[in-house]
Each structure stands twice: as C-alpha cells, then as structure tokens.
Amino acid sequence: MNKLITPNDIDNKTVLELFERAEEFLTGTNSTVGQDKLLINIFFENSTRTRSSFEVAAKRIGMNITNLDVATSSTSKGETLFDTAANLDAMGPSIIVVRHKSSGVPGLLSNYTKASIVNGGDGAHAHPTQALLDLFTIKQYVKELEGKTIAIVGDVANSRVANSNMQLLPRFGLKVIVCAPPHFMPKTDLEKTHSLKDAVEKSDIIMCLRTQTERHKTHNYASLKDYAKDYCLTKEVVGDKDILALHPGPVNRNIDISDDFLADSRCKVLEQVQNGVAIRMAVLEKILKNQK
Ligand code: NCD
C-alpha cells in the first residue's frame with residue numbers, strides 16, 4: 001500500500017493487519033516510525049473530524065505535520081491544483097492527505113507526487129479511512145459479520161462515506177441495504193427500501209448520514225424537517241431492538257439522529273471518532289513502512 005484513494009487499494013488481509021495494529025494503538029502503544037517524516041494536510045473542503053484525526057494520528061507516530069490553509073494558499077491566486085501539489089511535494093513530505101469537492105482529485109494527484117497520497121474525502125466518490133474506521137467499530141461490537149445486515153440511511157446518493165462502505169463492508173460478509181427517499185437513492189443493485197422502520201427491522205447495524213446539501217445541484221425535496229419526519233433515527237423507531245447505530249459526523253441533531261438516540265448506548269458516534277485516530281495511525285504507519 002503506497003497510496004489510499006479507495007478501499008479497493010487495500011486487500012482484506014491488509015485491512016485485518018491494520019485493525020490489529022489499531023487495537024494496539026487503542027491500548028496506548030505508540031510508534032516512532034514517523035520521526036523526521038512530514039505529513040501535509042490539504043483540505044479544500046471543510047472538515048472537523050477527519051483533518052484533526054489525521055493530525056493527531058500523525059503526531060502520535062512521531063510525524064511532523066503542516067496544515068495548508070487553502071483560503072490563503074496560491075490556488076486562490078490562480079495556481080493550478082497540480083502546481084500546488086508539485087510545489088508541496090518539492091518540500092519533501094512522505095504523505096499528503098487531500099480532501100477536495102471534486103471526485104477523482106486525490107487519485108489524479110497521486111500520479112504527480114513522490115509523496116504518498118491519502119484520500120481524506122473526494123466529492124461523492126470515496127472516503128476510505130472513514131469506511132475502515134466504520135468497519136473496525138462494527139467489528140468491535142459484532143463478532144460474526146457473516147449473515148449480518150447493515151442499512152445505510154439517508155442521502156446515500158451523494159455520500160462518499162456510503163460509497164466507500166458499500167465497497168468495503170460486503171468484502172467482510174455484511175449484507176448492505178440502502179434506505180432513502182427516491183431523490184437520495186443511489187443507482188445500485190443492493191436491496192433498497194424507502195421505509196426506515198423496514199430498514200431497522202431488517203438490520204443489525206444502522207449507519208445514518210448527513211444530508212449533503214452542499215452537493216445538491218437542484219433542491220428537489222421539501223425541508224430537512226420533512227425529511228426528518230421519515231428518516232430521523234429515534235428511540236421510538238428503534239424500540240428495544242439490539243442494534244448498533246453509526247454516523248460519520250457531522251451529525252445534524254434531530255434530523256439524522258434524535259437527541260435521545262444520540263445519548264443511547266447503542267449509538268457509537270464518539271467511539272467511531274476515537275477509533276478513527278487509531279485507524280489513521282495504522283494507515284500512516286503502514287504507508288511509511290512501505291516507503292522504506
Ligand atoms: C463526512 C465527510 O466529510 O465525508 N464526514 C467525515 O469525514 N467524518 C460526512 C459528511 O460530511 O457528512
């Protein structure tokens with residue numbers, strides 16, 4: 001593994017190795033493999049979790065880190081993305097983490113840089129480290145994945161998180177079903193439902209998503225409040241079912257998940273964030289080791 005653009009850049013054996021390493025990192029193990037190595041974060045789109053998660057992970061394996069402030073960078077002075085990347089690459093980073101609103105940008109840049117590129121999320125295309133941390137979190141609570149079902153709920157059509165999970169989770173035996181209103185339903189051969197109740201009944205795990213309003217070209221639905229009436233995960237909808245609920249964040253409270261269900265022990269949103277650091281430590285370490 002010398003880049004990570006989609007989950008298909010990693011085979012299952014390597015995924016499981018990364019998970020073993022992440023387990024060790026969670027118990028406090030540290031690594032010095034990143035000493036004297038530089039990671040550059042270039043985030044052309046907003047981020048709270050992912051950017052800081054990469055930053056914390058990089059520091060915990062001893063890397064130096066620079067965050068490029070895109071608002072003040074030269075891409076806003078007309079420099080092409082490729083020139084920006086080439087200039088950053090000339091500073092000798094080992095890894096560049098890229099987030100961009102256009103699908104395909106991190107993959108394209110990886111053809112032009114000596115540094116390994118890690119995709120921090122591109123358009124509606126992919127978010128591989130999120131899918132890895134989601135699977136890792138599921139495996140912490142669900143011991144046998146074969147025969148289990150996960151429903152991905154919400155704006156699936158515009159979600160890179162959903163896309164990467166739809167690629168990764170079936171490789172480990174999970175059945176994925178999609179629950180969305182027609183305008184958020186992706187083109188897919190996976191089982192589909194428009195009913196959240198139906199999705200909850202059929203599933204062992206529920207992954208809720210944020211409505212990606214910034215990616216909608218047309219506004220073909222009523223308000224988010226109307227959406228929430230049908231798709232917000234609440235205690236009332238879930239009842240006392242033994243289920244695991246995930247969300248990649250940022251959560252729109254009472255639209256994606258209700259206040260009461262966010263506080264429920266079946267909801268693992270903060271565990272996902274904690275696991276994200278350990279997973280990213282494992283990913284960065286693996287890439288650095290492969291560079292030696
Ligand atoms: C997601 C993203 O940016 O792709 N969040 C994340 O990285 N944890 C999901 C979102 O923005 O809704």
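One-based numbering along the sequence shown. Start at 1 and go down the list; that is how both ligands and their atoms are numbered. None of these values were measured; they are calculated from a predicted model.
If you check which protein heavy atom lies closest to atom 8 (N) of ligand 1, you get Pro248 O, 2.8 Å. When only non-hydrogen protein atoms are considered, atom 4 (O) of ligand 1 lies nearest to Arg160 NE, 2.6 Å.
Here's the thing with Arg99: one of its N/O atoms is less than 3.5 angstrom from an N/O atom of ligand 1. Here's the thing with Gly249: one of its N/O atoms is less than 3.5 angstrom from an N/O atom of ligand 1.
Side chain to side chain, Asp134 and Thr137 fail the donor-acceptor criterion of an N or O pair below 3.5 Å. For Thr84 and Glu79, the side-chain atoms include at least one donor-acceptor pair closer than 3.5 Å.
In this structure, Gly120 falls outside the shell of residues with a heavy atom less than 4.0 angstrom from ligand 1. Assignment of Glu45 to the shell around ligand 1 is not supported, since no heavy atom sits closer than 4.0 Å.
Against a heavy-atom cut-off of under 4.0 Å, Pro250 is close to the following atoms of ligand 1: 10 (C), 11 (O), 12 (O). Ligand-side atoms of ligand 1 in range of Gln212: 10 (C), 11 (O), 12 (O), range being under 4.0 angstrom from any heavy atom. Of all atoms in ligand 1, numbered sequentially from 1 with element shown, those under 4.0 Å from a heavy atom of Arg210 are 10 (C), 11 (O), 12 (O). Atoms of ligand 1 lying under 4.0 Å from any heavy atom of Thr50, numbered from 1 in the order shown and given with element: 6 (C), 7 (O), 8 (N).
Both Leu109 and Leu68 are members of a single hydrophobic cluster when ILVMFWY side chains are connected at heavy-atom separations under 4.5 Å.
The pair Glu271-Arg266 does not meet the salt-bridge criterion, since no charged nitrogen lies less than 4.0 angstrom from a carboxylate oxygen.
To the nearest 0.5 Å, the span separating CG on Leu224 from OG1 on Thr213 amounts to 7.0 Å.
A cation-pi geometry, defined here as NZ or CZ lying under 6.0 Å from the six-membered ring centre and within 45° of its normal, does not hold between Lys101 and Phe44.
Heavy atoms only, all atoms of each residue included: Gln140 and Asn275 are closest at OE1-ND2, 2.9 Å.
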